[in-house]
Amino acid sequence: MAEPKSWQARIGEATDALAQSFVESISYDRRIYRQDIAGSIAHATMLEKAGLLSAVERDAIIEGLKDIGRDIEAGTFVFDESLEDIHMVVEKALTDRIGEPGRKLHTARSRNDQVALDLSLWIRDAALEMGKKLHVLCRAHVSMAERSGDIVMPSYTHLQRAQPIAAGAECLAWCTMFWRDADRCASAGEFAGVNDIPLGSGAIAGSSLPIDSSITAQLLGYSQPPLSSIEQTASRDQGLEFLFSLAMASMHLSRWAEQWIIYSTTEFSFIKTADRYTTGSSMMPQKRNPDMLELIRGRCATVYGDLVSLLTLCKGLPIGYNRDLQEDKRLIFRAFDTVSACVIMSAAIVNATNFVRENIEPTLERGFLDATSLAEYLVTKGTPFRTAHHVVGSLVARCEREGKTALAQLQLPDFAAAANASGADPSVIGQDVYDALGSRNVVKRYRSPGAGGGEPFKQRLAEWKARLGC
Ligand code: ARG
């Protein structure tokens, strides 16, 4: 037998069973019970200060709410679907347990401001949790950078060989991306900016009762009362910002996954992941597939879907609360769960993967990776960069014509001739030109902060280790 609803005085008939199960959100919003209880405790505290509850009533409410919280944690609490959502379920349980004072809790409050508060509080916790997970992933990349030692590998632009880098520098690139994602989540959690509290907005227009939402704001860590009760109950901006941060993290994960899928092909064989993170084929006995990476790449699509769904949910929605907004939690929870699982999986994979020096280094000199270094050598000798670029371009072309595979195979007179032909001073090129050639030499010469090798890389590695405590 379904419980009579709080609105039964107005709505004559009991809700149709189909309608009831269609409209319910308790099946998924029970997840915000902790936030709902915390919000109600703060609300009761404020109501007492505002003279709307006695101290005895307030204490009974707070004790009752804590009691409900304990039962939910213990798994002994029964969620009644006919009560629709977590807010009604908690309030009903409270009244069942403590009687009359429970009936006063909803003074100057609506589920519209209650749900906005609960979600905001949940996002705050979830953002912190996501930040911690992302930092675990950052640590995994930093330790891979460290154990990659002095392995040098090609970097790619346009997926064509570009310049040589310390293999670990690429790990630090991923670390930097995921670190920024953690930051982005944190600011979505705090909803950088005004940070006013939704609670105290009521259904839409606030209340005529003498509530003081600066008290609830202070108790729950918001900077001030609602700036606009109408906006606070109508908007899901914080949810959108958080979901966007998740989508961004997911996009970064998909890029990393794709990179490593490429690196684990037979053609590249740049990395080797422990067998426990690969799967076989049901038909082809020889296979070793990077399925987890592929799923990380693939699940990004579902997170984008959740973001676009929430944007679309809010698109064209009239101001004020509309029941459409109930769908927000489904989307945000799902995106959070998806990204959490992907981040945890990614960290495990990174910890079980190494660069394979024997596969990377033998072909390292292919593709004239030291061409830019040679041009910069000429710049250090006073040659304008555009001229230097031309000189080196002609030298690469010459190597290809003559079947030479590396610039270091050229003789000093070859360099002088190319300089001459491009109008540069040939006399500046000395024996030290060979120090600027060869991938290993090049990597050592990087000087710009954040560069892909040499001292700048060592410095960043040390900084990340200190920052992440690893
Ligand atoms: N369960 C709803 C939600 O998640 C909150 C209830 C507001 N409903 C209402 N009829 N005023 O958005």
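In each ligand, atom 1 is the first atom listed, and ligand 1 is the first ligand listed. A quick note: this is a predicted structure, and the numbers were derived from the prediction, not measured.
For Y321, a nitrogen or oxygen atom sits less than 3.5 Å from a nitrogen or oxygen atom of ligand 1, counting backbone and side chain alike.
Residues R111 and E84 are paired through a salt bridge, judged by an N-O separation under 4.0 Å between the basic side chain and the carboxylate.
Residue T265 holds its OG1 atom at 9.0 Å from CD1 of I271, rounded to the nearest 0.5 Å.
If you number the atoms of ligand 1 from 1 as listed, the ones under 4.0 Å from a heavy atom of D85 come out as 1 (N), 2 (C), 5 (C), 6 (C). Atoms of ligand 1 found under 4.0 Å from any heavy atom of K329 (numbered from 1 in listed order, with element): 3 (C), 4 (O), 12 (O). Short contacts between ligand 1 and S25, defined as distances under 4.0 Å to a heavy atom of the residue, involve ligand atoms 1 (N). For ligand 1, the atoms closer than 4.0 angstrom to any heavy atom of Q326 are 1 (N), 2 (C), 3 (C), 4 (O), 12 (O).
Counting only distance, with no hydrogens or angles, the side chain of D113 and the backbone of G200 share a donor-acceptor pair below 3.5 Å. Remark: the backbone N or O of T107 is paired with a side-chain donor or acceptor of H43 at under 3.5 angstrom.
The aromatic rings of Y156 and F270 lie tilted to each other, with the angle between the two planes from 30° to 60°.
Proximity of Q114 to ligand 1 is not established, as no heavy-atom distance is less than 4.0 Å.
For the pair W174/V350, no side-chain contact is recorded, criterion being any heavy-atom separation below 4.5 Å from C-beta on.
Using a 4.0 Å cut-off between heavy atoms, R323 contacts ligand 1 through its side chain alone, with no backbone atom that close.
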